[in-house]
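Values below: all heavy atoms of this structure, side chains included; hydrogens, waters and symmetry mates excluded.
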Amino acid sequence: MSGPTGDQIILGVSFDFHNAAAAILKNGEIIAAAQEERFSRVKNDPKLPAAAIDFCLKEAGVSSCELDIVVFYETPLLKFDRILKTVLRRVPWDLKLIYGVLGDWFAKGKFSVRERLAEHLSVESTKIIFVEHHSSHAASAFFCSPFEEAVVITLDGVGEHDTGSVWLGRGGALDKVSASKFPNSLGLFYSAITAFLGFEVNEGEYKVMGMAPYGRPIYVDKFRALFSVDRRARLKLSQKLFNFTNPTQLPFNSRLIDWLGGARKPESDFVLGAPLSAGDESNSDHYADIAASAQACVEEIILEVIRRAMELTGQKNVCLAGGVALNSVANGRVQRELDCRLYVQPEAGDAGGALGAALSEYYSHQPRVSPSPLTSPYLGRQFSEEEVLRALKASHVSKYRKLDNEEKLIAHAATRLANGKVIGWMQGRAEWGPRALGNRSILADPRTRETQERVNEKIKFRELFRPFAPSVIAENAIDYFEIDESLGEAAPEHFMLSVCNVREEKRGVLGATTHVDGSARVHVVEKSNNRLFHTLIKKFGDLTGVPVLLNTSFNRRGEPVVNAPEDALKKFMWSELDLLFIGNYVIERDDSDAFEF
């Protein structure tokens, strides 16, 4: 099976729920992968990823007619079967809900995924196939891992019927060992708590994770009692506090409110130390305790599921995927507390299903001779100097300059960072996944907590309790952080997917990136993986003695990470960023003394 070019070309796609994406393989090599939101500028855009598909085709240098196969990341009819059966089990029948579900599926074309893709790509519908949701997740993790053999664990809200699964990966084969079934879902549990705490489901879960260290896990035993995990690593979750069967209602019910008090008001202030009064829906200490308890419970369940799965398969190599695998605090505990080697794909959520679907199809026909680990997350769009210059000329920016060479670029950026400036940094190909890993980043000096407050309040416009990640060059990582680098470039720390402890003697040094509990979601940077960013951090270290930078995604709260030069310029003009670096061009808000080397 091969296209007119002689290469086997597979396109994977995910859409119609949230975070639509596309990925393309050429003879099994990952050529490109991107989320639609980066192009459409709609956060978690669920629509058919037309722009992401076009990008992938261009990056691969092929037209749609040269595609051998197009793989969708789940099976729509199986998913509808679960939704309809769930609705029909409600007694008495809610006809409005039933008609609403049917209307939503017809109106959005969810029954006709194959036909919509065939029409968009101008290909025969026989070229379009489906892979089950958790199969896509499992493939995205195992076939991107450095392991010949591994136990693969997927955990999320829900796919078709599964909410989690265990697989044994060997060579090019993935064999399903067990699965947890809806509504027994660790992901839905965490989303229900996310909603209770006033955050948006499928978006605000990481806010719960950031809030948790401010609280005490005083409810963890009660939360934990809702779960059980059997010897085949299958979850059971008591439904007495939750409502997962009606998508038009909140995912929790009045019993949870009776137990924990009123739900937190969205956008309410987070101020610790205020006394709790009856009916108070803004007390931060109380809600921080709930966040801490939910996070601790999720960590315990993840650890138990992985232990059971390791016992079941006899494997110590562990791959994680699904939205729950983005819980970096839990990943850190897995690394510290279990005798295993952990790999987490950089886009572990539903967008990553696009890549997993393509890999699943490829390895169903080809042997996996040896692992080819995904160590570089830079699979997105890159912009030429001509495109950058065109965007600058079309913008309202009056002063911009081009630096002659990389040495001047690095020297200027590092000097400004050392002088306390906050910069936007757009270089090379965009990252695949939710983390900014040095190509679409906001960067700052990590040494003072005032920096954290300024970036949160004046640049990101987000909650002040939210922490920032430190990016550190690999040579100095163990000097600042308690990490295990045995997996090298494939370790979760290289994708900002694991939280570790900052060494006690360095916590004062890294005031802006050390969370309240002494932890950090560290990002280790190898020169071989991102030479330019590595050089910048090293130069900053030469100037300050600290080879670490505060690194956060280049966006405002509620917006996708910037993709194109136009996006970066808008963000610069709408915030208090001091400088913007796009390729070799730099814009400085106050450039009266700029460019003195």
Side-chain angles (χ1 to χ4, degrees), residues 38 378 380-431 436-446 451 454-455 458-460 468 471 473 512 525 530-544 546-556 559 561-597:
R38 304 297 173 90
Y378 309 106
R381 175 78 193 276
Q382 183 168 0
F383 292 83
S384 67
E385 183 175 321
E386 291 75 17
E387 289 172 311
V388 172
L389 187 57
R390 188 161 57 245
L392 286 166
K393 289 179 177 179
S395 73
H396 298 292
V397 174
S398 59
K399 293 182 180 180
Y400 55 87
R401 307 191 191 195
K402 181 183 178 183
L403 301 179
D404 295 337
N405 53 52
E406 183 181 302
E407 184 179 357
K408 287 186 177 181
L409 172 72
I410 293 297
H412 189 56
T415 300
R416 288 292 182 262
L417 286 163
N419 289 336
K421 302 297 185 182
V422 181
I423 72 173
W425 185 254
M426 177 181 167
Q427 306 290 336
R429 295 184 70 173
E431 297 91 340
L437 301 173
N439 280 11
R440 300 291 188 275
S441 292
I442 291 172
L443 306 173
D445 187 332
T451 303
R454 182 190 169 202
V455 176
K458 304 295 185 181
I459 295 170
K460 298 279 284 187
F468 291 111
S471 289
I473 57 175
V525 183
N530 193 333
R531 184 185 57 80
L532 188 68
F533 191 41
H534 182 281
T535 304
L536 175 61
I537 300 171
K538 187 176 186 304
K539 182 65 175 178
F540 177 83
D542 293 340
L543 294 174
T544 64
V546 181
V548 183
L549 284 175
L550 179 154
N551 177 12
T552 185
S553 56
F554 197 166
N555 67 330
R556 295 196 305 177
E559 295 180 346
V561 178
V562 303
N563 189 37
E566 294 83 357
D567 308 329
L569 286 162
K570 287 178 183 177
K571 170 61 185 168
F572 177 73
M573 290 184 285
W574 294 344
S575 71
E576 292 189 13
L577 279 171
D578 297 306
L579 298 93
L580 172 60
F581 292 82
I582 309 178
N584 284 334
Y585 288 90
V586 59
I587 306 101
E588 193 150 358
R589 199 170 296 280
D590 177 12
D591 68 350
S592 58
D593 64 341
F595 308 101
E596 296 177 359
F597 300 104

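Atom CD of residue E566 and atom CD1 of residue I582 lie 8.5 Å apart, to the nearest 0.5 angstrom. For the atom pair CG (L417) and NE2 (H412), the distance works out to 10.0 Å, reported to the nearest 0.5 Å. The line from CZ of F554 to CG of N439 is 12.5 Å long, rounded to the nearest 0.5 Å. Rounded to the nearest 0.5 Å, atoms CG (L549) and OG (S441) are 9.5 Å apart. If you take NZ on K570 and CG on D567, they are separated by 6.5 Å, rounding to the nearest 0.5 Å.
For R589 (side chain) and D578 (main-chain N/O), no donor-acceptor pair under 3.5 Å exists by modelled atom type. One N or O on the side chain of Y378 and one on the backbone of L437 form a donor-acceptor pair closer than 3.5 Å. In this structure a side-chain-to-backbone donor-acceptor pair under 3.5 Å is missing from R556 to S575. Between the side chain of N551 and the main chain of A436, a donor-acceptor pair closer than 3.5 Å is present. For Q427 (side chain) and G583 (main-chain N/O), a donor-acceptor pair under 3.5 Å exists by modelled atom type.
Residues forming a side-chain contact (heavy atoms from CB on, under 4.5 Å) with K460 (at least two apart in sequence, or on another chain): I442, V455, R462, F468, T552, S553, N555. By the side-chain contact (heavy atoms from CB on, under 4.5 Å) test, N405 pairs with E407, K408, sequence neighbours left out.
I587 is listed as a side-chain neighbour of L569, based on a closest heavy-atom distance under 4.5 Å. Residues M573 and H396 are in side-chain contact: their nearest non-hydrogen atoms beyond the backbone lie under 4.5 Å apart. By the 4.5 Å heavy-atom criterion applied to side chains, R440 and R38 are not counted as neighbours. When side chains are defined from C-beta on, F540 does not count as touching L443, because their heavy atoms never get closer than 4.5 Å. Side-chain contact between I410 and L532 is present, with heavy atoms from C-beta onward closer than 4.5 Å.
Screening residues 530-543 for salt bridge (Lys or Arg N to Asp or Glu O under 4.0 Å) gives E406-R531, K538-D542 as the qualifying pairs, with residues at least two apart or on separate chains.
Nearest approach of E387 to F383, heavy atoms of both residues: OE1-CA, 3.3 Å. P446 and V546 make their closest contact through CG-CG1, 4.5 Å (heavy atoms, listed as atom of the first residue, atom of the second, distance). Nearest heavy atom pair, residue L577 against residue G424, reads CD2-N, 3.8 Å. In terms of heavy atoms, L536 sits closest to A414 at CD1-N, 3.7 Å. Nearest heavy atoms, A418 versus T544: CB-CG2, 3.7 Å.
By the 30° and 60° cut-offs, the orientation of the rings of W425 relative to F581 is tilted.
Of the charged side-chain nitrogens involved, none lies within less than 4.0 Å of a carboxylate oxygen, so that E559 and K571 do not count as a salt-bridged pair. Ionic pairing of K421 and E588 is not present here: no N-O contact between side-chain nitrogen and carboxylate oxygen is shorter than 4.0 angstrom.
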